[in-house]
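Working notes, beginning with the structure itself.
Since the structure is predicted, the reported quantities are computational estimates derived from the model, not experimental observations.
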Amino acid sequence: MDGLGHYLTFGLGLLALVGVTIGLARWAGVGLGLFPLWALARAVVQLSVVALLLRGILAVPWTVALFLVLMLTTASWTAVRRLELLWHGRRAAVLGVLAGAALALTMVFALQLVDLEVRYLVAVAGIVIGNAMSAATLAGRNFLRSATARRDEIEAWLSLGASPARAHEEIGRESVRESLLPTLDQTKSTGLVTLPGAFVGALFGGAGPAGAAEFQLVVLAGIALAMTVTSIVVTRIAGRTPYLVATRT
């Protein structure tokens, strides 16, 4: 009963939190409906499945490769859905996520910043891949928004004989910068304003404060690298479009 009672209390607590979220959003006229509840329900199912998978992975380490493929596929697919309106958005999302995550993870473990163990690989990969996915979405959507707003500028560049890549160059730079600023600001404030999940998780896992801080710093550096590479790849691919974005009427 202790275990059942714990899960019941925990579930009711979560429902209370999401209930207040829905109530406030409805009061403010945000228009989210029951989406917060749906998102949490999906998270419960997905985390339950992941917990079962991780139990198997820790018992059979070689299966971690399959789990990494699953994470990369899911992240790429999610980013693809967000960039459907972008020229070659699917290719940009997939290549961006793969390039950013692969380079960051390779360097983290090649430089021996973290021991190459299954638990560390899964932990770092999950964080880095998730942020690469976010970077692809942010950079792509920022690019599309700016290209739409500055359509006349792009048309002027093209009329002067500039290549599509040159016409979209400044827009791409701004899109990368805007997609990175929130994460870099959070990195800058780490320890003073926020205690990130990797740091807290390492503490809960039994690591000392110094070890937890080292792990968090590696994660932050890996996130910055992955997001930078992902954003650049996405905007460079999108910037090669020979077409002007359609204006909304």
[X] to [Y] - nearest heavy-atom pair and separation:
X      : Y      : result
Leu68  : Ala125 : CD2-CB, 3.4 Å
Ile22  : Gly33  : CG2-O, 3.7 Å
Val128 : Ala104 : CG1-CB, 3.9 Å
Ala99  : Val233 : CB-CG2, 4.2 Å
Ala132 : Val97  : O-CG2, 4.0 Å
Tyr120 : Val114 : CB-CG1, 3.4 Å

With heavy-atom distances below 4.5 Å as the criterion, would you say the side chains of [X] and [Y] are in contact?
X      : Y      : value
Arg240 : His88  : no
Phe10  : Leu14  : yes
Val218 : Val124 : no
Trp157 : His168 : no
Met107 : Leu225 : yes
Leu15  : Leu37  : yes
Phe109 : Leu121 : yes
Arg90  : Leu83  : no

Hydrophobic cluster membership, with links at side-chain heavy-atom distances under 4.5 Å among I/L/V/M/F/W/Y: are [X] and [Y] in one?
X      : Y      : result
Leu12  : Leu17  : no
Leu72  : Val49  : yes
Ile237 : Leu98  : yes
Leu160 : Leu158 : no
Val229 : Val219 : yes

Going from [atom1] on [X] to [atom2] on [Y], what distance comes out if it is rounded to the nearest 0.5 angstrom?
X      : Y      : atom1 : atom2 : value
Ser134 : Arg82  : OG    : CZ    : 10.0 Å
Thr21  : Leu34  : OG1   : CG    : 12.0 Å
Arg42  : Leu47  : CZ    : CG    : 11.5 Å
Met227 : Met133 : CE    : CE    : 10.0 Å
Met71  : Ile129 : CE    : CD1   : 4.5 Å
Thr230 : Ile223 : OG1   : CD1   : 11.5 Å

### Message
Check whether Thr137 reaches the backbone of Ala79 with its side chain - one donor and one acceptor, N or O, closer than 3.5 Å.
### Response
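No.
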### Derivation of the side chain to side chain donor-acceptor pair (under 3.5 Å) call for Ser231 and Ser179
CA-CA 7 Å; Ser231 300; Ser179 67; 3.0 Å; yes
#### Entry: Transitive ILVMFWY cluster of Val20, excluding itself - 4.5 Å side-chain cut-off
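Val20 clusters with Leu24.
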### Task
Dump the intermediate steps for side chain to side chain contact (heavy atoms under 4.5 Å, CB included) on Phe143 and Val234, then the final yes or no.
CA-CA 9 Å; Phe143 184 94; Val234 168; over 6 Å; no
#### Entry: Among Leu66, Thr73, Thr74, side chain to side chain contact (heavy atoms under 4.5 Å, CB included) partner for Leu70
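The option that passes is Thr74.
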### Task
Before giving the answer on salt bridge (Lys or Arg N to Asp or Glu O under 4.0 Å), spell out for Glu174 and Arg145 the whole-Å C-alpha distance, their side-chain angles and the decisive distance to 0.1 Å.
CA-CA 11 Å; Glu174 291 182 1; Arg145 188 182 303 111; over 6 Å; no
